[in-house]
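The block underneath contains the structure these notes are about, expressed in structure tokens.
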Amino acid sequence: MRKLCILLAAVLVCAAFQFPSANSMAEQAAAPALTVSLTAPAIRDWLETVPASGWLKPWQEAIIASETSGLRITDVLVDVGSVVTKGQTLARLSQDSVLSDLRKQAAAVVIAKAKLTKAKSNADRARQLRSSGALSDEKITEYFADEQTATASLASEEAALDSEKIKLAQTTITAADDGLITSRSGDLGAVVSTGTELFRMVRQQRVEWQAEVSARYLPRISEGLSVAINGPDGHAIAGKVRLVGPSVSTDTSRAIVYVALPSEVRPHTGLYVTGNIELRTTPALTVPETAIVFRDGISYVFTAGEDKRVRRVRVETGRRNDGEVEINSGINRSANVVTSGGAFLSDNDLVKIAKKN
């Protein structure tokens with residue numbers, strides 16, 4: 001019997017070591033899940049911006065074309081990429097046939113002047129002899145008519161001479177404005193027709209950003225607003241809204257906002273860039289980006305109460321700036337927000353609070 005008691009006592013001692021007491025289990029369950037730092041949401045004055053994206057395009061393009069036809073290109077003086085000034089010669093057309101027509105027309109003007117001189121002399125004589133009866137009324141009328149015809153003929157020939165001079169001037173192709181040549185279609189030796197495009201240029205080298213924005217922002221966008229553009233070289237470009245497009249695409253519900261770039265900034269055209277149109281400065285309730293926890297596509301933060309237990313709170317986020325996120329709804333300024341480590345927490349976890357910022 002004594003041996004049996006000793007054996008039972010040994011079993012109870014082993015069981016005490018192997019199975020903790022209820023108090024021990026409660027103590028383990030109450031152990032903090034994580035040591036966290038807390039912070040209170042801050043109020044920041046942030047710019048309210050409208051995101052936009054679009055193409056860098058010329059402010060205006062100038063198409064330089066031939067104004068005459070049937071002439072051969074004899075000289076091409078500029079190429080793509082050339083910076084030109086207004087009135088600068090870009091190309092020349094053959095002048096041989098034009099000069100020949102010009103000389104011929106100049107001779108026609110001389111003949112018309114001689115005929116007018118003769119008709120004028122006859123008309124003056126008819127005026128002097130009208131009262132004497134030496135000339136019949138029919139002859140006098142004929143002389144007056146010849147004078148008028150010769151006057152009109154001279155005016156016509158002089159107009160034709162001016163036309164030939166214009167054609168001669170048109171054999172020299174000049175720049176319509178200061179700018180940058182972006183296209184050259186005229187080749188040496190080609191025979192041009194009226195309206196044949198020879199060059200295309202960006203007027204004054206001015207480039208603008210044609211930014212697409214959602215139509216819901218249009219009532220708040222006006223001329224003169226500042227714009228921050230993410231430049232193609234990684235550097236920000238400051239622009240100004242020049243014009244708000246008058247129409248909205250029925251396919252995309254987006255409108256075009258034309259943004260003027262500084263004159264000294266001349267990026268390549270045809271590039272697609274993004275940026276933001278700055279509307280106004282408004283207060284924002286912000287927390288660190290590290291406080292945001294994403295689960296199933298929803299944003300949450302964890303807040304801690306006086307009992308040192310955390311609560312998972314769904315929030316709506318807005319603007320982002322310098323490592324902070326705007327909170328539009330879900331918490332207020334009095335909340336104690338866990339700054340990091342939320343991904344390892346669950347709702348109602350007990351935590352150890354290291355510090356509060």
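Residues take their numbers from the sequence shown, with the count starting at 1.
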Shortest non-hydrogen contact between [X] and [Y], atoms and distance:
{"X": "I237", "Y": "P262", "value": "CG2-CD, 4.2 Å"}
{"X": "L271", "Y": "P232", "value": "CD1-CB, 3.5 Å"}
{"X": "I331", "Y": "P41", "value": "CD1-CG, 3.9 Å"}
{"X": "S346", "Y": "V310", "value": "O-CG2, 3.5 Å"}
{"X": "E212", "Y": "R254", "value": "O-NH2, 2.8 Å"}
{"X": "I43", "Y": "P283", "value": "CG2-CB, 4.2 Å"}

Crowded around R314 CZ? As in, over 12 foreign heavy atoms under 6.0 Å?
->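 Not more than 12 within 6.0 Å, no.
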Any chance CG of D307 has more than 12 other-residue heavy atoms, nucleotides or ligands included, within less than 6.0 Å?
->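 More than 12 within 6.0 Å, yes.
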Is I64 linked to V191 within one hydrophobic cluster, defined over Ile, Leu, Val, Met, Phe, Trp and Tyr using a side-chain heavy-atom separation of less than 4.5 Å?
->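 No.
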Rounded to the nearest 0.5 Å, what separates atom [atom1] in [X] from atom [atom2] in [Y]?
{"X": "R72", "Y": "D96", "atom1": "CZ", "atom2": "CG", "result": "7.5 Å"}
{"X": "I256", "Y": "K57", "atom1": "CD1", "atom2": "NZ", "result": "7.5 Å"}
{"X": "Q205", "Y": "D177", "atom1": "CD", "atom2": "CG", "result": "10.5 Å"}
{"X": "T269", "Y": "E61", "atom1": "OG1", "atom2": "CD", "result": "7.5 Å"}
{"X": "Q95", "Y": "K167", "atom1": "CD", "atom2": "NZ", "result": "14.0 Å"}
{"X": "R125", "Y": "Y143", "atom1": "CZ", "atom2": "OH", "result": "5.0 Å"}

Please answer whether the main-chain N or O of I298 pairs with a side-chain N or O of D296 as donor and acceptor at a distance below 3.5 Å.
->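 It does not hold such a pair.
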Polar side-chain atom of D75 near backbone of L77 as donor-acceptor pair, under 3.5 Å |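 Flag not set: sc D75 to bb L77 has no pair under 3.5 Å.
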Test E326 against every option in R320, R44, R319 by the side-chain hydrogen bond (donor to acceptor under 3.5 Å, both in side chains) rule and name the one that passes.
->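 Exactly one option meets the side-chain hydrogen bond (donor to acceptor under 3.5 Å, both in side chains) with E326, and it is R319.
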Is any side-chain N of the basic residue among R127 and D124 closer than 4.0 Å to the acidic one's carboxylate O?
->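 Salt bridge between R127 and D124, a charged N being under 4.0 Å from a carboxylate O: yes.
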Indicate whether the side chain of S334 and that of N332 have a donor and an acceptor atom separated by less than 3.5 Å.
->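 Side chains of S334 and N332: pair found under 3.5 Å.
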Checking side chain to side chain contact (heavy atoms under 4.5 Å, CB included) for the pair F302/D349: CA distance, chi angles, key distance, verdict?
-> CA-CA 10 Å; F302 281 92; D349 275 352; over 6 Å; no
Might you work through the side chain to side chain contact (heavy atoms under 4.5 Å, CB included) test for N276 and V50, ending with a clear yes or no?
-> CA-CA 5 Å; N276 293 284; V50 174; over 6 Å; no
What pairs of donor and acceptor atoms, side-chain ones from residues 148-165 against any protein atom, are under 3.5 angstrom apart with sequence neighbours left out?
{"unit_1": "T149", "atom_1": "OG1", "unit_2": "A145", "atom_2": "O", "d": "2.9"}
{"unit_1": "T151", "atom_1": "OG1", "unit_2": "E147", "atom_2": "O", "d": "2.9"}
{"unit_1": "E157", "atom_1": "OE1", "unit_2": "Q105", "atom_2": "NE2", "d": "2.5"}

Mind checking whether K118 and N122 have side chains closer than 4.5 Å, heavy atoms only?
->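 In contact.
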